[in-house]
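Below is one structure, written out as structure tokens; the observations come after it.
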Amino acid sequence: MERCPKHIAIIMDGNGRWAKKQGKPRTAGHYKGSENVREIAICANRLGVEVLTLYAFSTENWIRPQEEVNYLMKLPAVFFERYLKELMENNIRVSMIGEIDAFPLDTRNVLLSAIERTRNNTGMVLNFAMNYGSRREITLACREIAEEVKSGIKQIDDINEDDISKHLMTAIYPDVDFMIRTSGECRLSNFLLWQLAYAEFYFTDVAWPDFTPDEFKKAIEVYNNRHRRYGGL
Ligand code: FPP
């Protein structure tokens with residue numbers, strides 16, 4: 001890859017519609033979608049991607065039917081049980097953004113254990129956005145900065161863009177270079193609004209469970225043919 005994006009973010013959309021097409025319950029689509037997380041993560045790591053952020057559960061997803069929410073809560077355990085060994089072998093480090101305190105204790109433990117066990121890996125960061133919403137993230141960052149002003153650590157006039165970036169959940173990661181959304185919808189759905197300021201966007205009709213490594217490489221080729229100007233010429 002001549003110019004692999006350092007940070008790729010994916011809205012993994014279309015699991016439900018994929019399942020419906022096959023005459024299966026929506027949960028079957030999520031299961032297939034989680035298998036595809038493995039495919040794309042391994043591929044991205046081999047291509048040299050540094051951070052892959054996946055929108056796995058949004059702050060808005062709680063309003064889905066209870067049965068579907070329950071299933072999504074159980075999926076990390078199934079996923080890491082099956083694939084943690086392989087993630088380790090591929091030197092992939094698991095990370096998380098979002099407020100996972102809202103999750104059931106066993107889900108939280110599974111997520112924290114995957115983070116802990118892969119902590120010293122030096123390959124790609126596989127970053128799951130779980131109970132994540134960008135407006136909530138920015139709101140929390142504002143609160144933290146306001147606290148710093150209140151306690152005298154910071155002057156209002158000194159607050160700059162870097163300060164805001166550093167208070168976001170992605171603080172230690174570079175801004176997103178490339179954002180992919182599968183399954184035909186062309187919106188951001190409260191995902192990484194600040195971090196996507198200069199990202200290139202790629203929307204495809206292919207549903208997430210059908211988004212193969214070849215589709216992923218095709219998307220990166222499109223990225224490679226874009227000319228990023230960051231407001232210049
Ligand atoms: C959107 O498709 C997808 C989600 C809300 C869940 C995505 C989760 C995964 C792919 C699994 C994540 C895996 C781990 C290990 C956490 P949708 O249900 O909105 O699809 P639809 O628009 O067709 O209904």
Side-chain angles (χ1 to χ4, degrees), residues 8-45 52-88 90 92-100 102-104 106-118 124-134 169 179-192 203-213 215-216:
I8 300 183
I10 308 185
I11 303 180
M12 308 181 288
D13 200 8
N15 293 344
R17 279 166 284 170
W18 180 91
K20 196 174 172 199
K21 252 194 195 161
Q22 322 255 330
K24 292 179 180 164
R26 293 178 54 81
T27 48
H30 294 313
Y31 180 73
K32 182 79 177 143
S34 74
E35 288 187 325
N36 204 37
V37 167
R38 176 236 172 228
E39 298 290 319
I40 299 300
I42 303 272
C43 174
N45 182 48
L52 179 67
T53 298
L54 302 177
Y55 209 4
F57 193 89
S58 77
T59 46
E60 289 74 32
N61 285 151
W62 293 107
I63 57 171
R64 292 191 174 206
Q66 193 59 46
E67 189 195 318
E68 184 169 341
V69 171
N70 290 347
Y71 185 80
L72 287 168
M73 291 298 119
K74 281 194 216 121
L75 206 44
V78 178
F79 177 84
F80 288 118
E81 171 72 29
R82 264 188 98 180
Y83 299 128
L84 191 66
K85 188 165 168 274
E86 207 177 351
L87 296 178
M88 287 298 290
N90 282 273
I92 291 173
R93 182 155 69 87
V94 175
S95 174
M96 215 78 54
I97 53 171
E99 295 173 280
I100 62 165
F103 288 164
D106 48 350
T107 310
R108 235 183 303 158
N109 286 340
V110 162
L111 296 172
L112 295 175
S113 151
I115 293 170
E116 176 58 26
R117 288 172 66 185
T118 60
M124 186 187 77
V125 174
L126 176 58
N127 185 32
F128 289 96
M130 301 284 284
N131 192 26
Y132 172 85
S134 186
M169 295 163 181
M179 195 286 300
I180 298 171
R181 182 170 187 149
T182 58
S183 210
E185 313 290 347
C186 298
R187 55 177 173 264
L188 288 181
S189 303
N190 201 15
F191 189 44
L192 301 171
F203 297 101
T204 171
D205 286 338
V206 178
W208 173 248
D210 288 332
F211 190 73
T212 57
E215 289 287 344
F216 183 62

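Keep in mind the model is a prediction, meaning the values are calculated, not measured. When a ligand or atom number is given, it counts from 1 through the structure's own listing order.
Applying the 4.0 Å criterion to heavy atoms of Arg17 picks out, from ligand 1, the atoms 21 (P), 22 (O), 23 (O). Proximity to His30 (heavy-atom distance under 4.0 Å) selects the following atoms of ligand 1: 4 (C), 6 (C), 18 (O). Against a heavy-atom cut-off of under 4.0 Å, Arg26 is close to the following atoms of ligand 1: 17 (P), 18 (O), 24 (O). Residue Asn61 approaches ligand 1 through these ligand atoms, each under 4.0 Å from one of its heavy atoms: 5 (C). Interface of Leu75 with ligand 1, defined as ligand atoms under 4.0 Å from a residue heavy atom, comprises 11 (C). Each of the following atoms of ligand 1 lies closer than 4.0 Å to a heavy atom of Phe79: 15 (C).
Distance from atom 19 (O) of ligand 1 to its nearest protein heavy atom, with residue and atom name: Arg64 NH2, 2.8 Å. The nearest heavy-atom contact from the protein to atom 13 (C) of ligand 1 is Ser34 CB, 3.8 Å. Here the heavy atom of the protein found nearest to atom 3 (C) of ligand 1 is Met12 O, 3.2 Å. Nearest non-hydrogen protein atom to atom 6 (C) of ligand 1 is Ala56 O, 3.5 Å. For atom 14 (C) of ligand 1, the closest heavy atom belonging to the protein is Phe128 CE2, 4.0 Å. If you check which protein heavy atom lies closest to atom 10 (C) of ligand 1, you get Asn15 ND2, 3.3 Å.
In this structure, Ser183 has no heavy atom closer than 4.0 Å to ligand 1. Residue-ligand proximity: Glu185 is placed with every non-hydrogen atom at 4.0 Å or more from ligand 1. Contact between Lys20 and ligand 1 is absent, with no heavy atom of the residue lying under 4.0 Å from the ligand.
Using a distance-only test at 3.5 Å, with no hydrogens or angles considered, no donor-acceptor pair links the side chain of Asn131 to the main chain of Ile100.
Neither the backbone nor the side chain of Leu54 comes within 4.0 Å of ligand 1, counting heavy atoms alone.
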Criterion side-chain contact (heavy atoms from CB on, under 4.5 Å) on Arg181 and Arg187, from CA distance to verdict: CA-CA 8 Å; Arg181 182 170 187 149; Arg187 55 177 173 264; 3.5 Å; yes
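For the pair Leu192 and Tyr55, the minimum side-chain heavy-atom distance is 4.5 Å or more. A heavy-atom distance below 4.5 Å is found between the side chains of Thr212 and Glu215. Taking 4.5 Å as the limit, some side-chain heavy atom of Met73 sits within range of a side-chain heavy atom of Phe57. Side-chain contact check for Ile180 versus Phe216: some heavy-atom pair is nearer than 4.5 Å. Side-chain atoms of Tyr71 and Glu67, non-hydrogen and from C-beta on, never get closer than 4.5 Å to each other.
Looking at Gly14 next to ligand 1, an N or O pair under 3.5 Å apart turns up. For ligand 1, the polar-atom distance check against Val37 finds no nitrogen or oxygen pair separated by under 3.5 Å.
The aromatic ring centres of Phe103 and Trp62 sit less than 6.0 Å apart.
Arg82 and Ser34 form no side-chain donor-acceptor contact under 3.5 Å, judged by distance and modelled atom types alone. There is no side-chain donor-acceptor pair under 3.5 Å between Asn90 and Glu86.
Each of Thr182, Asn36, Asn15 was compared with Pro209 under the side-chain contact (heavy atoms from CB on, under 4.5 Å) criterion, and only Asn15 meets it.
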